[in-house]
Amino acid sequence: MATVDPGPRGGLPPQAYETLPGDQYRPYVGAREQILEFTPRAVLIGAVLGIVFGAANAYLGLRVGLTVSASIPAAVMAVAIFRIWGGTILESNMVQTVGSAGESLAAGVIFTLPALFLWAREDPAILVSVTQITVIALFGGMLGVLFMIPLRSYLISREHGKLPYPEGTACAEVQVAGDVGGGKARLLFAGLGVGAVYQALANPRGLSLWNESPAAPLPGKAQIGGDFTPELLGVGFIIGPRIATIMFSGSALAWLILIPVINAWGGNDVVYPATVPMAELGSGEIWSNYIRYVGAGAVAFGGIATLAKSLPTMVESFKLGLGGIGRGGGATSRTQRDLSMRFVFTLAPLLAVALWLWPGVPVNLLGAVLIVLFSFFFVTVSSRIVGLIGSSSNPVSGMTIAALLLTSLIWVGLGLNDGTAASKVAVLAVGAVVCISAAIAGDTSQDLKTGFLLGATPRSQQIGELIGVITSAAVMGGVLIVLNESYGIGGAELAAPQANLMKLVVDGVLADTLPWMFVIVGMALAAVVEFGLRLPSLAFAVGLYLPVSLMTPIFVGGMMRRALTRRFSADGGGERLAEQRERGVLFGSGLIAGAALVGVLIGGAIYVVTQVTGDPSRAAQWILGHDWYAGLFPGFSELVGTLIFAGLCLLLWRAANSGGTREA
């Protein structure tokens, strides 16, 4: 490992946080030092972590419409592994580089491609296969990595200090602070174990020992409740109180106000798109028939508004990115060595042509051209935006909506929309590749920033990113098929909110079937939040679109983060607060990973048992259930589930408060 003075922070050199030309920055491992980096064990461990985090985030994203960055957990796990086996910091960085690709690929995939399963239920002509999903995921991921390569020298090196790349810098700090990494890893694994056990015991398709989704009906068909699960609590703690509160307010508006208003307005009439009188609809049916269209309008407005606010940055990024292409490409320094531009601009068009010629994806030549143009544009945009505000705030959904709207309008304008299933799938394929490439580009940018600070070889990292994309894409199709067969994508357990929205956009433009009145109401509500209240409308819109039961535990997690902040802010110690917050985030990340992984395993067990026996009821033989005590007195089942969730909250609170001098 490099013997570089880590500076007074006990981590990276102080220049890591200063604005200066990249060629003046002295990385943790010097450019002339030759230590192990791109090794078989690092690539193999990274690929395994990428597959695991990709599967877990696929489940989480389909459930709540959000994914959680795997970069920091992967970095912590890599440090822990190489502290045991012995390895260099650049090997550890390679593990994190390859491993984090799975999460970003999963985000791009689950935001778009589950729409194929939703269409398949409506039209038997649409067939969804593992190969189809794998090919789209693979091509989108590879384009995201390739188009980031010519931008690296400018965005990562020349703009050092101006673009902080927060997750990338945090990952570098974690890896440099290897002496603390072991303790951090234990905290992450503790959360993972708690989340896994909780999920196995409470999941309705697992042992189902208690009711994890208590709910209380209110007058006018309003409803309040919560899906009290580890992954949602962890998400709330990580995203923080502001976003959690805004999301919960959107959901509360829908379930406590809009549903009663729509119910009273409809009365005994049949209101499109429902086919029965309003009086006969329950809360969930009103949400399904009306609120989700209100939410779709709000999400569309919020996504496009977010994109519009970023327009000056986007235009500047695109111009500067084009101007910076290839500069420094002839550098001989190890820390400035990229894959060649000839490789990039040869392989990218070949990928587009291959997608055009692939029989399982109905993309014509125009679609292939649009894929290349939109992907390059939004990769440039995504790479710069995440450098300013971080990957978690990257408006990938807004970019995808914009790409789908433009593609759909082009299809209609040129008369390519023949009303067949192939037209819808072709438009979605363009949007899916763009979405995946933008998501991967954001991750690649953060990883390259980590490597820049540590002194990694960009060329090796870029090859590692491509390997991570290939290995994760190879299993992503199978993961979605298993989750669909076991849970049902688009159902109550895996609502797939983002993919539902993309489906509504494509259907609405191509077939003009949207109930526009409800869509416009949602857009108006989002406009009030965006311009009247000056709050991020996209977070509000996601809450409006999703059931309140999902938002309640996220809100609880956000409030716990707020309580932690107030507790340690009172001590006047910014560093202490940052340390305790990081401990809570690591434990929360473990909760998410453990619960999501067990959710995937349960889904896999259901799928295997059903396929082997041919009897779906055999997949329920391990469910013990909680009906035997639920009737002891009214509300007992809901009370038990709430109390156990309170215990889970206590564990998270103690983890976040541990390691200090004060009592937790």
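If you read the sequence from its start, that first residue is 1, and numbering goes on from there. Predicted model only: the values in this text are computed from it and were never measured.
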### Task
Using side chain to side chain donor-acceptor pair (under 3.5 Å) as the criterion, list what pairs up with Q96, not counting sequence neighbours.
D447
#### Entry: side-chain contact (heavy atoms from CB on, under 4.5 Å) evaluation trace for I110 with L480
CA-CA 8 Å; I110 61 95; L480 289 191; 4.1 Å; yes
### Query
Do the two ring centres, one from F452 and one from Y25, sit under 6.0 Å apart?
yes
### Query
Rounded to the nearest 0.5 Å, what separation is found between the CH2 atom of W255 and the CD1 atom of I224?
10.0 Å
### Summary
Residue set satisfying side-chain contact (heavy atoms from CB on, under 4.5 Å) with L535, at least two apart, ordered chain then number -> R242, I246, V529, L533
### Considering all heavy atoms, the nearest Y198-T229 contact
CE2-CA, 4.3 Å
### Message
Nearest 0.5 angstrom please: I243 CD1 to R561 CZ, how far?
### Response
11.0 Å
### Query
Are any side-chain N or O atoms of S92 and backbone N or O atoms of T88, one a donor and one an acceptor, separated by less than 3.5 Å?
no
### Summary
Minimal heavy-atom distance between G226 and P553, with the atoms involved, is CA-CD, 4.3 Å
### Query
So, the side chain of E231 versus the backbone of I592: is there a donor-acceptor pair under 3.5 Å, distance only?
no
### Task
Check whether any side-chain heavy atom of M560 lies under 4.5 Å from a side-chain heavy atom of W653, and answer yes or no.
yes
### Message
Suppose we screen for side-chain contact (heavy atoms from CB on, under 4.5 Å). Which residues come up paired with L624, at least two apart in sequence or across chains?
### Response
L207, L209
### Task
For residues P230 and L232, determine if any side-chain heavy atom of one lies less than 4.5 Å from a side-chain heavy atom of the other.
no
### Residue pair L62 / P114, side-chain heavy-atom distance below 4.5 Å
yes
### Query
Below 4.5 Å, heavy atoms only, C-beta onward: do F587 and V194 meet side chain to side chain?
yes
### Task
I would like to know whether I602 and S486 meet side-chain contact (heavy atoms from CB on, under 4.5 Å); could you show each step before the answer?
CA-CA 8 Å; I602 291 174; S486 53; over 6 Å; no
### Message
What I want to check is whether the side chains of T97 and Q461 have a donor and an acceptor closer together than 3.5 Å.
### Response
yes
### Query
Between CG of N203 and CD1 of I623, what distance do you get to the nearest 0.5 Å?
8.5 Å
### Task
Test S251 against every option in I554, V548, T552 by the side-chain contact (heavy atoms from CB on, under 4.5 Å) rule and name the one that passes.
V548
### Message
Please enumerate all residues that pass side-chain contact (heavy atoms from CB on, under 4.5 Å) together with V95, with sequence neighbours excluded.
### Response
A42, I45, L49, A78, F82
### Polar contact flag, side-chain donor to acceptor under 3.5 angstrom, R581-T565
no
### Validation row: F53, S100 side chains within 4.5 angstrom (heavy atoms)
no
### Query
Under the 3.5 angstrom rule, does the side chain of N93 hit a backbone N or O of I89 as a donor-acceptor pair?
no
### Query
Quick one: side chain to side chain donor-acceptor pair (under 3.5 Å) partners of S104, sequence neighbours excluded?
none
### Summary
Scanning both residues in full, the closest heavy-atom pair of G108 with A439 reads N-CB, 4.2 Å
#### Entry: Distance (rounded to the nearest 0.5 Å) between F111 CZ and N500 CG
13.5 Å
#### Entry: Contacts of type side chain to side chain donor-acceptor pair (under 3.5 Å), residue R41, not counting sequence neighbours
E91
## Note on the structure
Sorted by chain and residue number, the side chain to side chain donor-acceptor pair (under 3.5 Å) partners of S445 (sequence neighbours excluded) come out as S383
### Query
Given side chains that start at C-beta, do those of L454 and V29 come closer than 4.5 Å, heavy atoms only?
no
### Message
If I take atom CG from residue L105 and atom OG from residue S472, how far apart are they, to the nearest 0.5 angstrom?
### Response
6.0 Å
### Task
Using the test ring-ring contact (aromatic ring centres under 6.0 Å, His included), find all partners of Y487 that sit at least two apart in sequence or belong to another chain.
Y59
### Task
With sequence neighbours left out, write down each residue that passes side-chain contact (heavy atoms from CB on, under 4.5 Å) with V145, or none if nothing qualifies.
I440, T444, E465, L466, V469
### Message
Using every non-hydrogen atom in the two residues, find where A254 and L544 come nearest and quote the distance to one decimal.
### Response
CB-CD1, 3.7 Å
### Query
With sequence neighbours left out, what residues match F228 under ring-ring contact (aromatic ring centres under 6.0 Å, His included)?
F645
### Message
Determine whether a donor-acceptor pair (N or O, by modelled atom type, separation under 3.5 Å) exists between the side chain of R583 and the backbone of S658.
### Response
yes
### Query
Closest approach of A655 and L187, non-hydrogen atoms and distance?
CB-CD1, 4.2 Å
### Query
Are any non-hydrogen side-chain atoms of M148 and I156 less than 4.5 angstrom apart?
yes
### Message
Please give me the minimum heavy-atom distance between V379 and S437, naming the atom from each residue.
### Response
CG2-O, 3.7 Å
### Message
Does any part of the side chain of L652, heavy atoms only, come nearer than 4.5 Å to the side chain of F237, both counted from C-beta?
### Response
yes
### Task
I would like to know whether Q223 and L256 meet side-chain contact (heavy atoms from CB on, under 4.5 Å); could you show each step before the answer?
CA-CA 6 Å; Q223 183 174 296; L256 300 181; over 6 Å; no
### Message
Just verifying a value: how many Å separate N211 CG and I644 CD1, rounded to the nearest 0.5 Å?
### Response
10.0 Å
### Task
Examine distances only and state if a side-chain atom of Q199 and a backbone atom of V598 form a donor-acceptor pair shorter than 3.5 Å.
no
### Listed once per pair and sorted, the ring pair (Phe, Tyr, Trp, His ring centres under 6.0 Å) pairs that draw on residues 83-103, sequence neighbours left out
none
#### Entry: Selection residues 538-548 - residue pairs positive for salt bridge (charged side-chain N to carboxylate O under 4.0 Å, His left out), sequence neighbours left out
none
